[in-house]
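What's counted below: heavy atoms across the whole structure, side chains too, no hydrogens, waters or symmetry copies. Throughout, a chain's letter reflects where its sequence line sits, starting with A, and its residues are numbered from 1.
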2 protein chains.
Amino acid sequence: MNKAILSSDEIPRQWYNLAADLPTPMQPPLGPDGNPVSPEMLAPIFPMALIEQEVSPKQWIDIPEGILDILLKWRPTSLHRAFAFEKELGTPARIYYKNESLSPPGSHKPNTAVAQAWYNKQAGTKRLTTETGAGQWGSALAFACAQLGLECKVYMVRISFEQKPYRKIMMKAWGADCIASPSTETKAGRDILDKSPDTPGSLGIAISEAVEAAVTDESGSTKYSLGSVLNHVMLHQTIIGLETKKQLALFDEKTPDVVIGCAGGGSNFAGLAFPFVHDKINGADIEIIPTEPASCPSLTQGPFVYDLGDASGMTPLLPMYSLGHGFVPPPIHAGGLRYHGMAPLVSAAAVEGLVTPRAIHQLECFEAAVTFARTEGIIVAPETSHAVAGVVQEAKRAKEEGKEKVIVFNLSGHGLMDLKGYEAYFAGELQDYSLPKEIIEENLKEIADFPKPAVAKTGRW
Amino acid sequence: MNKAILSSDEIPRQWYNLAADLPTPMQPPLGPDGNPVSPEMLAPIFPMALIEQEVSPKQWIDIPEGILDILLKWRPTSLHRAFAFEKELGTPARIYYKNESLSPPGSHKPNTAVAQAWYNKQAGTKRLTTETGAGQWGSALAFACAQLGLECKVYMVRISFEQKPYRKIMMKAWGADCIASPSTETKAGRDILDKSPDTPGSLGIAISEAVEAAVTDESGSTKYSLGSVLNHVMLHQTIIGLETKKQLALFDEKTPDVVIGCAGGGSNFAGLAFPFVHDKINGADIEIIPTEPASCPSLTQGPFVYDLGDASGMTPLLPMYSLGHGFVPPPIHAGGLRYHGMAPLVSAAAVEGLVTPRAIHQLECFEAAVTFARTEGIIVAPETSHAVAGVVQEAKRAKEEGKEKVIVFNLSGHGLMDLKGYEAYFAGELQDYSLPKEIIEENLKEIADFPKPAVAKTGRW
C-alpha cells in the first residue's frame, strides 16, 4: 500500500486548538498603549466568530457543515508512503507525506481560506481584502470567495505581481481582483508611492493597504483576511494533522518519531504538527521540527519578543519569535517563507520546548526537492522543499543510527506555479545566504522599547 | 456526497480493448507500399509487448502489477458531482466529472506514459524519445521515465518551447532533456533548418525527429513513445472509464445519458468513453460525444481516409478522420487538440455511429471554463474546456427538455501551466475561427492517391 485514503465520512469534524492545551497560557496581543487588545477592537477587521476562535479556551471546536461541504471537494487528502524516496536515500526510516497539493489552488491555504470566507459570509460580509506575496494565499482566498459568492480584492507585492503574472490570472479565473501593491487606491499605498515611486513593495505594505481598504469601507460589509500567523488560522489547518493520525493508523503505524513542516508564518507546520504536539504534551516521545530558511531564520535566530505583525503598525503587538518588523528578507525563491516573525502559537510551542526549529539553506532544499520529484513524482513548492530537506537530514540520521524511525512531513503545496525557482537552481544562479547577526541586532533596536513578554519556563528568552 | 472515491484495492486490473469489440473489424495500418504493416516492421520503434497490444484480439488485457504500483500513487482518481455548476446552469441534469488533473503532471497522460515506460523497461530499453506540442505529453513521459529509471528525450515544437519555458523546467525536474524542434541533432531537423532557419516548428517535424533519434540509435536501446492516436494508448486510458463506472454506482447512478470528452488525438476521450461504448454496443442508450475545436475539426469536417500520422511520412498510413497531414492547425490555445487526424479507434467508433462528434468554438469553451472554475473551483486546461462547453450545451438541452439526465465528462487536466490562454481570453484577444472548406479540400488533394478504407456501414464515407 503506497497511500492511505479516508472516505468523506471520515473527515475530522472538529479542529484542535493548541492555545487551550499549552502548559503555560498564551500571552495576549497588545495594543499601541501596551494593554491587551479586546475582541471588540478587532471587530472592524474580522467577524466575531473568528475573533472568538482567536481567543477561545476550548480545546476542540466544531467544524460547521457548510465548511465541510466545501472542504470535501478535495479533502480528506491522501497520506503517502514514500517508498521510492526511502530507497534512494538508503534509509531504514519509513517516510510518509501528507499531500496538501491536491487542493484546486495547489496548497494547504484553502483549509483556512474556506473557513474564513464561510464565517464572513455568515456575518453578512460582502467582500474580503487581503495581501499576498508569492501568490499562494491570494489564490486560495480567491478560490474560497468564489465558492461562497464573496468579492475578493488582493494586494500583491509589486515585485511578485510583475514576476509572476500567472498568479493574478489564476485569481481572475476565480473572479478576484488582484492589483500591485503599493497601489494608488489606499492612503498607505499613495504615501509610499510619493516617497518611493519605484519601490518593489513588501508584504508589510500590502497588509497595510488591505487592512485600510477593509476598515475604511463605510458600508461595513468589507472585512480583512489573513492567511497565516493568527490563532484561528492555525486552528483551521489542524485538519491536516488530524487526518494524518487516522491515516497513519491505516498503515499500522503508531506515534511517529519525527514530524516535519516548513515554517514561514507557521500555518502549514501548525496544521500537521499541532495534533502531534497534543500527544507530546501528554507524554508521547516525538521530535517535531519546523524548518525555516537560513536566510530568514526567525525561530532559530530571532528572540521571543512582542513585535508588530506587519511592517507599518496596522496590527497589534504579538508575542512571537521575530527578526524585527523592519526586516526585509532577502529574495529567496520560497516567497511564502519570507516573513519577519512566526505565528504566536508556533512561537509559544517553541518557547515551551515542544517543537525544535531548524534552519536550512536553499541549495540543500532544492537538491532534496529534485531527488523527491524524481522518486515520488511530485514537484514541490520551494517552501515545501524546506520540509523535504529536513526529512533528508532525519532519514540520514536514522541510517547512521540504524533506527527504523517513522518520519511524517507536510507536502504543503506543489511547485507548478513556481518553476522559476527550479530554473534558477538548475542554471546555478542560486546562492546560499546566512543572515548576519549584525543585521538582526540592528533591526531589533527598533523594537527595544516595546513591552516584553514574560520569560517562559523553558525558552531561550 | 460530492465525490466518490475508490480504495487502492478497487483499481481496475484489466484494460478494455474496444478494437476487439467493434461490430466491424478495424482496418489495418498500411505501409508505403499499400500493404498492411506487420508487427515486425514496428519492432525498431516499439517494444513487442506494446505492438502486441496494438493488434490484440483480446477484449480485456491484464494490467501488470508493476504498472499498477505506480498508477496507485494518484489513482483511483475521484469522481465528483458538480452541484454548484448544476445550480449555476439551472439544469435538472446531474453532472459528474472524472478528475484526471490529480496526477503529478496534472493530466490523464501519465496513464499511458507509465504503461509505455514500464513495458519498455521490461524489454531492456534504456532511453525513450518523444515529441510534445503544448507540453502535457512530454511532461507525462518525463515523469514516467523518472519513475522507471529511463532516460527521456523530448523534442518540443519550437514556438511552444519558447512561449512556455516552464514546461521544460518541469521535464528537467524529472530528469528529462527537452530541446526545441527542429534541432540540429537529427537529419530531419537539420534539413528543415537549412531550408527554413526561422521555422516555428510543428508536431509533424518533432515526431520525425523523435522517431529518427530512436531508430538510428545503433545500440538498439532507444525506443520511441507516442502519447495519443495509437490503439495501445487508447487501451491504457480506459482505466479512466472503468473507474468511473464503479464510482457512478456509488452515487446510485446507472447508465449515464451523456458521456463527453474533448478530442485532439483522442486519448482522454477514449479513456472515459470506450467502456461506455462497450455498453452501447450491448444495447445501452447513451449519447457519447467527442468535442473538438471548430478550428481543427477532424471528426466533424474531415473525411474518413487513410492518412499519415505525421507531417513527413515517418509513420504508416492510418485509417482515420483527417484534415490531411499537411494541415497546420491555427494557433488556438488548446495546443493539445491541434492535430490533423483522429485516433483510428475513435474514428472507427464514429464511422460505426457509436459516438457523435461535435465542434465548438474557443470563446464558448473559455466562457464555460470560467463558469466551471468559479463554481467547482478547478481551473481546467484549455483542451478540457471543450468538454466543459459540451456539458453546458447538454445541460441546457436537458433544461429545455425538462429531463433529469445524467451527464459525465472527463476533466482531463488542470490549466495551471496554460494560464496564458485565460489571460488572452480575459484581455479580449481571442477570436473564433471556422476552418474554410477550401483549405480542407486543398489539403486533402495531397492524399488523393492514398489507398481508401472500405466504406463503413453507417459512416458518412
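No part of N99(A) comes within reach of chain B, as not one of its non-hydrogen atoms sits under 4.5 angstrom from that chain. Using a 4.5 Å cut-off between heavy atoms, L148(A) does not touch chain B at all. With a threshold of 4.5 angstrom between heavy atoms, M417(A) approaches chain B through side-chain atoms but not through N, CA, C or O.
Between the side chains of S160(A) and R167(A), not a single donor N or O lies within less than 3.5 Å of an accepting N or O.
Listed in order of number, the residues of residues 103-117 of chain B that approach chain A to under 4.5 Å between heavy atoms are P104(B). Inspection of non-hydrogen atoms places L419(B), K420(B), Y422(B), E423(B) of residues 418-425 of chain B under 4.5 Å from chain A. For residues 72-86 of chain A, heavy-atom neighbours of chain B at less than 4.5 Å comprise L72(A), K73(A), W74(A), R75(A), P76(A), H80(A), A84(A), sorted by residue number.
Minimum interatomic distance between E243(B) and P12(B) (heavy atoms only, all atoms of both residues): CG-CD, 3.5 Å. Closest heavy-atom contact between W137(A) and S225(A): CZ2-OG, 3.5 Å. Shortest non-hydrogen contact noted between Q136(A) and A381(A) is NE2-CB, 4.0 Å.
The shortest distance between side-chain heavy atoms of L141(B) and V154(B) does not fall below 4.5 Å. Side-chain contact between I95(A) and F409(A) is present, with at least one heavy-atom pair separated by less than 4.5 Å.
Applying the ring pair (Phe, Tyr, Trp, His ring centres under 6.0 Å) criterion to W174(A), with sequence neighbours excluded, gives F143(A).
The candidate with the highest count of non-hydrogen atom pairs below 4.5 Å against chain B, out of I70(A), D69(A), L416(A), L102(A), is L416(A). In terms of heavy-atom pairs under 4.5 Å with chain B, the best-connected choice from A146(A), A373(A), S101(A), A173(A) is A173(A). Between chain B and the options I5(A), V370(A), I379(A), I378(A), heavy-atom pairs under 4.5 Å are most frequent for I379(A). With chain B as the partner, the residue from Q147(A), R374(A), K3(A) showing the most heavy-atom pairs under 4.5 Å is R374(A).
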